[in-house]
Each structure stands twice: as structure tokens, then as C-alpha cells.
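Here the structure is laid out as C-alpha cells; the discussion comes afterwards.
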Amino acid sequence: MSRIEVLLPMIGKLNYCWTNTESLLIYLIVYLMQCSKEAAIIVFLTLNTTRARLDLVERLAKMSATAASDRTAVLDLTARLKLEGKIRNKYNHSIFDFDENGELESTQLMRIAEFGDEIKYGKLEEVDNLEIEKLAKTIDSIIVINQELWRFIRVAGIKKI
């Protein structure tokens, strides 16, 4: 099986897991803002990046009205999500480079940076077995974090509406 045949289903699973993560953030917003799910969805959808949504949840957790134990739990979960989000972003915002035989060789982040009169492009990284293992570990970590988010939501008494 070629690397791309291995990688594409993994990227699909990564995105599926991350979609669950995003929906769980809505429940954290409900809890931390003490608002309706509808209001939380409006806030969530108004923020158009995962980074902005995680920043919001972290800032809400840091409010003085948030119980210290909840603050610690939420900040731990969001910090871990940010770490795993880097891999997610890599595979969702990269160009895939192939060799002359059509085999996947590397990813290149779709970023451009200007330094004076120079332009630099996104980081180029080889997709080897180690990279595929790293992606598998990221997927497993996101699944565990989502399970912990669900536990927090249940313990906090947040109703799934």
C-alpha cells in the first residue's frame, strides 16, 4: 500500500475526531458563559478559527467566577488540544508533494512569510513511517482528550441539547 493510501484515511479520521472536539467546545462555552446552547453556537460560529475558539474557552476559564478545579481542568484540556491541533493544521493546510512516480514524498505548509526583500515558504517535511506514526499518536491523543471533555461535561452537569 502506498503512503498516500495509508495517509488519506488517517487524515479523514483526524478530521472526524477534530469535528467532535469542535462540537464539545460549544458545551464548554455553554458552561463557562452560563448561556444557552443557541447563544454558545452563535459565539462559536462567529469565531472562525479553532485558535480563536480555544482562546475564548481559555479566557472564560480564567475568569474569577470559574471554580479553580474547573479552570485547571479546562486549561489542561485546551493546552493539550493546541498541541495536537498543530498536527491537524499541518495536514489540513499543506500542499502534498509527490515524486515522478506519483508517490507521496512530503508536505509543505501553505504559508508565506516576507523578511525584508526575501520570501520564505512553508516548512517542507518528509512523510515517512515516523511521520505516519506521529499522526496515529495524534489521532489517539485527540480521542482521549475528547473522552475527557465528555467526562468534564457530564460531571459539570451540562445538558446535551
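Heads up: numbering here begins at 1 and tracks the sequence. The structure presented is a predicted model; accordingly, all values stated were derived computationally and were not measured.
- Separation of atoms OG1 (T49) and CG (D55) is listed at 7.5 Å; rounding is to 0.5 Å.
- Note: T19 OG1 to L24 CG = 11.0 Å, rounded to the nearest 0.5 Å.
- Distance check, rounded to the nearest 0.5 Å: CD of E22 to CG of L45 gives 10.0 Å.
- Atom CD1 of I145 and atom SG of C17 lie 10.5 Å apart (nearest 0.5 Å).
- Taking every heavy atom of both residues into account, G85 and W18 meet most closely at CA-CH2, 3.7 Å.
- Under a 3.5 Å cut-off, the side chain of R3 and the backbone N or O of V127 do form a donor-acceptor pair.
- R154 is listed as a side-chain neighbour of R151, based on a closest heavy-atom distance under 4.5 Å.
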Inset, instruction - Apply the test side-chain contact (heavy atoms from CB on, under 4.5 Å) to residues T138 and M10: give CA-CA distance (whole Å), side-chain angles for both, the deciding distance (0.1 Å), then the verdict. - result: CA-CA 10 Å; T138 293; M10 292 179 78; over 6 Å; no
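- Using a 30° and 60° split on the angle between ring planes, Y27 and W150 fall in the tilted class, from 30° to 60°.
- Side-chain N or O atoms of R88 include none that pairs as donor or acceptor with a backbone N or O of I139 at under 3.5 Å.
- Looking at heavy atoms from C-beta onward, K86 lies out of side-chain contact with N89 at the 4.5 angstrom threshold.
- For the pair L28/F44, no side-chain contact is recorded, criterion being any heavy-atom separation below 4.5 Å from C-beta on.
- Here OG of S94 is found 8.5 Å from CD of Q108. Values are rounded to the nearest 0.5 Å.
- Nearest heavy-atom pair across M1 and V6 is SD-CG2, 3.7 Å.
- With rounding to the nearest 0.5 Å, the separation of CD1 in I132 from NZ in K137 is 13.5 Å.
- Atom OH of Y16 is surrounded by 12 or fewer heavy atoms from other residues, nucleotides or ligands within 6.0 Å.
- Taking each heavy atom of N101 and D99 in turn, the nearest pair found is N-OD1, 2.8 Å.
- The 12-atom threshold is not exceeded at CD of Q34, counting heavy atoms of other residues, nucleotides or ligands nearer than 6.0 Å.
- By the 4.0 Å N-to-carboxylate-O rule, K134 lies too far from D128 to be salt-bridged with it.
- Heavy atoms only, all atoms of each residue included: A40 and C35 are closest at N-SG, 3.9 Å.
- Residue E131 comes nearest to Y91 through the heavy atom pair OE2-OH, 2.8 Å, listed as atom of the first residue, atom of the second, then distance.
- The heavy-atom pair separating V74 from L32 by the smallest distance is CG1-CD1, 4.3 Å.
- A donor-acceptor pair under 3.5 Å links the side-chain atoms of T46 to the main chain of I42, judged by distance alone.
- Without hydrogens or angle criteria, E118 side chain to F115 main chain gives no donor-acceptor distance under 3.5 Å.
- The backbone N or O of L47 sits less than 3.5 Å from a side-chain atom of R53, completing a donor-acceptor pair.
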Inset, instruction - Step by step, work out the side-chain contact (heavy atoms from CB on, under 4.5 Å) result for L75 and E58. - result: CA-CA 6 Å; L75 293 177; E58 285 182 334; 3.9 Å; yes
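- Without hydrogens or angle criteria, D76 side chain to T72 main chain gives no donor-acceptor distance under 3.5 Å.
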Inset, instruction - Please lay out, stage by stage, how L60 and M63 fare under the test side-chain contact (heavy atoms from CB on, under 4.5 Å). - result: CA-CA 5 Å; L60 292 170; M63 293 188 318; 4.1 Å; yes
